[in-house]
Amino acid sequence: MDLGFSAAQEEFRQRARTWLAAHVPSRPLPSLETEEGFAAHRAWEGELAADRWSVVSWPEEYGGRGVGIVEWLVFEEEYYAAGAPGRVSQNGISLLAPTLFDFGTPEQRARVLPPMARGEVIWAQAWSEPEAGSDLASLRSTARRVSGGWVLNGQKTWSSRAAFADRAFGMFRSDADADRPHRGLTYLMFPLDAPGVTVRPIGRVDGKPAFAELFLDDVFVPDEDVIGEPGQGWRIAMATTGEERGLTLRSPGRFLATADRLLREWRAHGDPADTALRDRVADAVVGARAYQLFTWANASRFRAGEQIGAGSSLNKVFWSEYDIRVHEAALDLLGAEGELRPSAPGPSTPAPGSPAPASPPPASSAPAPPTSSTSPTDWAEGYVFALAGPIYAGTNEIQRDIIAERLLGLPKGRR
Amino acid sequence: MRFLLDDEQRDFARSLDGMLTAADTPAAARAWAAGEHAPGLALRQRLGAAGVFALAAPEAYEGVGPLPVETAVAFVELGRHAVPGPLVETVATVALLSRLAELGTAEPAKRSLPALVGGGASASLTLPGTGPYALDADASAVLLAAGDGEIRLAPGHAEPRVSLDPARRLARLLPGGEVLAAGEAAADAAGRALDWAALATAAQCLGVGYALLDRTVAYVRGRTQFGVPVGSFQAVKHRLADVLVGLEFARPLVFGAAVSLRDGDRAAARVDLAAAKVATGEAAYGAARAALQLHGALGYTAEYDLSLWLLKARALRGAWGGVGWWRERVVTGG
Ligand SMILES: Cc1cc2nc3c(=O)[nH]c(=O)nc-3n(C[C@H](O)[C@H](O)[C@H](O)COP(=O)(O)OP(=O)(O)OC[C@H]3O[C@@H](n4cnc5c(N)ncnc54)[C@H](O)[C@@H]3O)c2cc1C
């Protein structure tokens with residue numbers, strides 16, 4: 001057992017930290033879920049990519065640095081500790097890209113990955129349908145074979161960032177006669193501005209167009225945009241859900257940074273007599289450290305050639321519930337200020353006395369304090385974002401079924 | 001960075017598990033609860049021979065340590081098998097006396113460590129801030145009381161009281177006795193003892209939690225109602241899934257704390273130990289509540305062995321400082 005990093009890894013950490021210190025915007029970008037914010041975040045992806053920091057774990061030929069999983073985790077710690085912006089390219093980077101690495105053709109990788117890494121093409125995931133959420137295999141949108149490609153029809157929904165994104169990837173029923181619902185699905189990519197595609201933004205609970213509905217009316221997709229074999233969509237997509245629930249969607253760095261921020265808020269403004277709130281702050285620190293160490297154990301397993309498989313459902317349940325709890329604690333700590341919503345797009349005002357930690361944050365190997373100031377409205381925005389965690393990427397009810405059946409060996413029951 | 005147990009550590013866990021499975025530890029725990037110490041003392045002897053108590057002692061005193069990671073491995077197994085007796089206390093005392101020796105007071109270590117390390121005797125102790133009772137003082141050869149700026153050898157103990165967990169017997173230590181250390185050395189050594197007590201208790205909680213989960217999973221797979229195993233009901237599955245999430249995320253905290261302690265990063269270890277104590281206490285207690293519920297009325301009976309872990313989970317949650325006390329240490333940085 002060893003929690004230390006090699007000299008090369010420490011050097012990598014230092015390089016990332018130095019770059020981030022010089023480049024992270026000094027004021028938070030406008031919300032990712034607004035048109036202006038989307039554009040600002042897209043530009044940030046370009047800035048990251050220009051110095052090869054947008055996809056550090058990818059091979060160099062696609063814009064990465066070819067580093068291993070431990071370095072990726074290190075980078076993520078530094079990234080969030082530096083207060084850097086959220087990643088608008090995330091669907092592509094953490095969901096589509098791993099699928100293309102495993103199932104795509106060399107031509108697809110060469111064509112799709114570099115612009116993704118530069119933020120020039122932002123991807124949306126088009127899986128869910130109005131009648132197919134938890135029971136995803138029941139999806140009804142169709143792909144019909146035509147000369148040179150496929151024609152798509154149907155409706156997709158809840159597609160994150162599709163309001164402003166460029167392209168989407170999703171599953172379509174290509175064989176209505178298949179013997180089981182999850183056979184006969186084909187996985188493919190399509191442009192959101194193609195003829196026949198209508199994108200209708202949907203406001204999330206705070207009104208921001210964080211996702212969209214997609215209507216597909218005879219949309220042509222060429223053969224080269226099919227991922228893997230036609231009819232194999234389910235198997236391929238399930239490989240991606242592992243990524244989504246597993247560690248690549250929510251790296252521990254993000255929660256370590258959030259817990260550190262909360263702890264600093266507590267030390268600066270907390271009421272020592274409020275032991276109930278103190279306990280929740282403590283649990284935030286404990287949870288972030290637990291998640292970090294759990295992930296390091298998984299990373300060690302990966303490197304030893306093991307697969308985590310259904311173990312990614314443990315991850316999903318943990319981080320999604322953790323994220324809500326840590327934000328709830330922050331809002332309670334902020335009191336009246338916690339109710340403030342971010343005002344119209346634009347930089348928010350720094351919280352009174354929030355910078356400068358009184359002492360180094362414990363329980364974290366990423367001691368660099370945030371460079372950008374945080375404000376109460378960041379917590380509100382984070383809270384709204386966190387609320388959806390137990391719903392997307394497979395609801396936590398579905399994850400608990402997977403944990404119980406595949407990890408604990410309990411019998412399958414009626415769904 | 002390789003945060004996994006190595007083969008030797010896994011083998012150590014497996015061999016302890018095998019030995020304890022064969023030893024009928026539930027019977028020893030029941031005897032211990034009835035005041036019949038012989039089977040528990042025989043177990044202690046075997047644990048000593050297996051090297052469990054040597055892990056906290058340096059080579060100069062017949063130890064092989066300090067080896068916190070291996071200690072955590074061992075205490076997970078001790079928890080899993082509900083082994084009775086002042087095991088955490090013995091390890092904490094070994095750590096305390098070893099530290100005193102390092103700080104220049106070697107005589108108490110020379111006097112007591114050989115028997116404690118070998119498994120021939122147990123120790124018990126009280127530490128500042130963590131409660132007034134010493135566990136199983138009536139079965140312990142060495143009794144230490146730390147507090148008021150000194151560490152002394154207690155001359156005896158008051159009448160033991162029965163704990164919520166019948167296999168734990170608690171007694172106040174009598175005043176007076178030989179003073180082994182005072183001032184900074186006493187505080188330092190008591191702090192070291194607390195580190196090891198927290199580590200061993202957290203690991204023990206984890207073992208208790210996994211034992212409760214394993215037994216409950218086995219039970220709900222076999223027990224049928226409405227014509228199907230109760231384990232096929234989603235309310236049952238989801239409750240057990242949450243228990244597994246709790247334990248699986250507490251586990252790395254225990255080993256992370258052990259590694260920090262081993263690597264001498266005292267500040268990191270303090271926070272990690274506090275985190276481990278909180279998380280394992282909650283996770284094991286959650287496992288106990290779920291186990292009781294999902295066993296139905298059977299879980300509420302004394303004759304069924306489940307009760308051995310059920311009540312221990314509650315007692316350990318508050319032992320060596322309750323979860324609030326440790327949470328305070330998390331936010332203050334240990
Ligand atoms: C912020 C956000 C972003 C999203 N982004 C995307 C995206 O980019 N692309 C995309 O394709 N989708 C996306 N989704 C959709 C998401 O994947 C679905 O919402 C999710 O799978 C649940 O489906 P549903 O909403 O139809 O709920 P339903 O499946 O109708 O479920 C309703 C409730 O019933 C419960 N339930 C259903 N079946 C069971 C069962 N068998 N056992 C127990 N409980 C059950 C569910 O857990 C849930 O609580 C997003 C959702 C949100 C909130």
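These figures come from a predicted structure and were not determined experimentally. Computed from heavy atoms alone, side chains included, the values below leave out hydrogens, waters and symmetry copies. Reminder, nothing fancy here: chain letters follow the sequence lines and each chain counts from 1.
When the side-chain contact (heavy atoms from CB on, under 4.5 Å) test is applied to Ala187(B), no partner is found at least two apart in sequence or on another chain. Residues forming a side-chain contact (heavy atoms from CB on, under 4.5 Å) with Pro66(B) (at least two apart in sequence, or on another chain): Trp196(B).
Between the side chains of His238(B) and Asp401(A), at least one donor N or O sits under 3.5 Å from an acceptor N or O. No hydrogens or angles considered: a donor-acceptor pair under 3.5 Å links the side chains of Glu265(A) and Trp379(A). Asp272(B) and Ser260(B) form a side-chain donor-acceptor contact under 3.5 Å, judged by distance and modelled atom types alone.
For the pair Arg314(B) and Tyr285(B), the cation sits on the ring face: its NZ or CZ lies under 6.0 Å from the ring centre, inside 45° of the axis. For the pair Arg329(B) and Trp325(B), the cation-pi criterion (under 6.0 Å, within 45° of the ring axis) is fulfilled.
Per-residue counts of heavy-atom pairs under 4.5 Å with chain A were compared for Asp263(B), Val245(B), Val69(B); the largest is that of Val245(B). Note on Val236(B), Leu240(B), Leu244(B): by heavy-atom pairs under 4.5 Å with chain A, the leading option is Leu244(B). Looking only at heavy-atom pairs under 4.5 Å with chain B, the residue among Arg278(A), Glu397(A), Arg301(A), Arg303(A) that has the most is Arg278(A). Ranked by heavy-atom pairs under 4.5 Å with chain A, the first of Asp242(B), Val228(B), Asp6(B) is Asp242(B).
More than 12 heavy-atom neighbours from other residues, nucleotides or ligands sit within 6.0 angstrom of CZ on Arg10(B).
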Acceptor/donor pairs from residues 201-219 of chain B side chains to any protein atom, 3.5 angstrom cut, sequence neighbours excluded:
from: Thr201(B); atom 1: OG1; to: Ala197(B); atom 2: O; distance (Å): 2.6
from: Tyr210(B); atom 1: OH; to: Glu248(B); atom 2: OE2; distance (Å): 2.5
from: Thr216(B); atom 1: OG1; to: Leu212(B); atom 2: O; distance (Å): 2.6

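Within residues 316-324 of chain B, the residues that have a heavy atom under 4.5 Å from a heavy atom of chain A are Gly324(B), listed by number.
At a 4.5 Å heavy-atom cutoff, the contact between Val317(A) and chain B is made by side-chain atoms alone. Of the two parts of Arg262(B), only the side chain, counted from C-beta on, holds a non-hydrogen atom closer than 4.5 Å to a non-hydrogen atom of chain A. Of the atoms belonging to Gln9(B), it is side-chain heavy atoms, and not backbone ones, that fall under 4.5 Å from chain A.
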